[in-house]
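All heavy atoms count here, side chains included; hydrogens, waters and symmetry mates do not. Naming: A, B, ... by sequence-line order, numbering from 1 per chain.
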Amino acid sequence: MTDLTQAAAQPLLKVRDLVKSFPVRSSGFRGGRGLVHAVAGVSFDLHQGQTLSLVGESGCGKSTTARCVVRILDPTSGQVEFDGVDLGTLDAAALRSARSKFQMVFQDPQASLNPRMTVGEILAEPLKIHHIPGAEGRERIRELMSLVQLRSADLDRYPHQFSGGQRQRIGIVRALVLEPKLIALDEPVSALDVSIQAEIIRLLERLRDQLGLSYLFIAHDLSVVRHLSEHVAVMYLGKIVESGTNDEVYEQSAHPYTQALLAAAPIPDPLIERSRDRIVLAGDPPSPIDPPSGCHFRTRCWKAQDRCAEEAPVLADPGIGHLVACHFPEVSNVIVQQPVDFRRPT
Amino acid sequence: MTVADESSVDDFQPQPAEPDPGRKRSWRKLVRRPQIAFGLIVCFIWLVVILTVHWWAPYDPYESVGDRLQPPNGDFWFGTDALGRDVFTRVLYGARQSLPIAVAVIASAVLIGSVLGAAAGFLGGWVDRVVMRLADVTMAFPAILLAMAVAAALGPGLKNGFIAMVIVWWPIYARLLRAQVIAVKQREHIESAVSIGATQGRILRKHVLPLSFTGVLVNATMDLGQVVLLTASLSFLGLGALPPAPEWGAMITEGAKYFYQWWIAVAPGVAMVTVVLAFNFLGDGLRDALDVKAATR
């Protein structure tokens, strides 16, 4: 994201100090009220035509970040600037019409389609809401359906009559039908069979290149991320701990959490798998209701020292070319899986 | 992640498209089930009776047409009552009292309960708390006791009985719909409706209610029978239909005075059993037919 060639251009999406916390009532007889700090100050840029991946284990706030960006959730504080417009300043009606430019694809294609509507009705609904004339709308639907290899006869059928992969393609068409610039993809393949995953990833890639889309890609599968995105941001407990281009994060990771995450990804070669170093983190991530002082990661970090408990590290470049939030950054050569080529061999 | 399934996109073969074959087939299968068929037939017969009884009923329900307290015979199929009126005719006319009122009570209770329940579930906050506490207070009383209290306060008569029963029944639907709305509201397709810019009203109308309403519909069908019973109970206690109206509950009250002339009370009782059973069977069938899980999984 500190890409010098892009630095002059206005980013499509500019997120600054995004915070989202949810109120919770703690259990117990005198349970007081607490706050879950799901997203605790996240900033990033995303440029037109690029893909930024947010990775991290479940509960780290990556999905919440995406939902705040496309305004399914209202952020507690911070700014989301889309195409130069601060979404927080828009009133309800203006926000509704602005929504056509940023859409979302959901994790569970079964749950994200209304079971009582036909595919045709599902796809026509966004067009109706945004007052796009019927003829133009039908043309768009027809084009997109053929682009994702669905037949127009499928429009009369209900979501439950399709397979998981087909449903996800319907979800993708629904997101595309308003001709958005940005699509937030919330683990779009993790609910699908592995064979279908490759198919959807290839489809997403083709659509991005043909339609000039930008993706905010939420994932926990590092090999998928590496294949699809230019930039990666690693999140831990509501904060970005390391971010940079693909190669920077994968080959020269400097944050201990990133290294642990990379080391945990399996490599489909038993020889390498057996010989490489393992980093096994102790325990579970701490509760986001009461995060540790200083560095959020210190409770599971093997490098933690007194300073980590007192002072929260800032996301900054320690002289390696990309951003790391650690007091003791150290580029390490974790052996990682080579990029998987999802394109068909020619 | 492997590259195993290279050919899947291009070799993608869509299944032959039929206009939702599953749904039609399940309806036909349902009608064939003996329970449902029984429910449908009985309901249909009573409907015909209600609409046409004045053309073919053998006697006038209010006139004394023979000797009093005759046992069932060729002229008077279900015998005659203490005033010499034909019990068979009165049972038939009784359907005109009980069934329309049952439908009216349920329709009103569903309407009021659904509006309040949907508002409570969808809006949450203080609306939810107020509506649900009201429902709790109402449901804390046994149905018959509350209905009696209301009917007694307003005075006897079918109209006041109707008001009493609506007050008894609305909380059931309010609670049912609220629970469903809250469950449906969590689904991802609501988030996707938000993301395409749908207004709150549209989300409730198009994406929440159609998925929440099945439970209410099924319960309403089954409750029709319960309302028939409660109407009769109120009449039996002298708080519903007033004599000489041919109402089933009121007829049973009269019959109870003549223990050895059993037919006077049994005939309306049997009529009620058929109606309650039919509605229950129909409700069962409807539940199977509208099962969202079976239809979407």
- Interatomic distance, A:Ile122 atom CD1 to B:Ile196 atom CD1 [nearest 0.5 angstrom]: 9.5 Å
- What do the steps show when you test B:Leu211 against A:Asn114 for side chain to side chain contact (heavy atoms under 4.5 Å, CB included), and what is the final call? CA-CA 9 Å; B:Leu211 274 80; A:Asn114 186 340; 3.2 Å; yes
- Query: Is a donor on one side and an acceptor on the other found under 3.5 Å between the side chain of B:Glu188 and the backbone of A:Asp108?
  - Reply: yes
- Should A:Ser112 and B:Glu191 be marked as a side chain to side chain contact (heavy atoms under 4.5 Å, CB included) after you check the CA-CA gap, both sets of side-chain angles, and the distance that decides it? CA-CA 8 Å; A:Ser112 59; B:Glu191 289 191 332; over 6 Å; no
- Query: So does A:Glu125 pair up with B:Lys206, basic N to acidic O under 4.0 Å?
  - Reply: no
- Query: Taking everything shown except B:Phe38 itself, do over 12 heavy atoms lie less than 6.0 Å from its CZ?
  - Reply: yes
- Item | Max heavy-atom pair count under 4.5 Å with chain B, selected residue of A:Thr118, A:Val70, A:Ile129 | A:Ile129
- When you measure from the side chain of A:Gln103 to the backbone N and O of B:Ser195, does any donor-acceptor pair fall under 3.5 Å? yes
- Please look at A:Leu113 and chain B and tell me whether the side chain, the backbone, both or neither of the residue comes under 4.5 angstrom of a heavy atom of that chain. backbone
- side chain to side chain contact (heavy atoms under 4.5 Å, CB included), paired with B:Val194, selected from A:Arg99, A:Arg67, A:Arg71, A:Met104: A:Arg99
- Item | Contacts of type side-chain contact (heavy atoms from CB on, under 4.5 Å), residue B:Val137, not counting sequence neighbours | none
- Task: Measure A:Gln107 against the heavy atoms of chain B and call it side chain, backbone, both or neither at under 4.5 Å.
- Result: both
- Would you kindly say whether B:Thr199 and A:Arg96 are connected by a side-chain donor-acceptor distance under 3.5 Å? no
- Item | CZ (A:Phe22) with more than 12 external heavy atoms under 6.0 Å | yes
- Item | side chain to side chain contact (heavy atoms under 4.5 Å, CB included) assessment of A:Arg116 paired with B:His207 | CA-CA 8 Å; A:Arg116 291 294 162 83; B:His207 299 279; over 6 Å; no
- Main-chain N/O of A:Pro115 paired to B:His189 side chain as donor or acceptor, under 3.5 Å: no
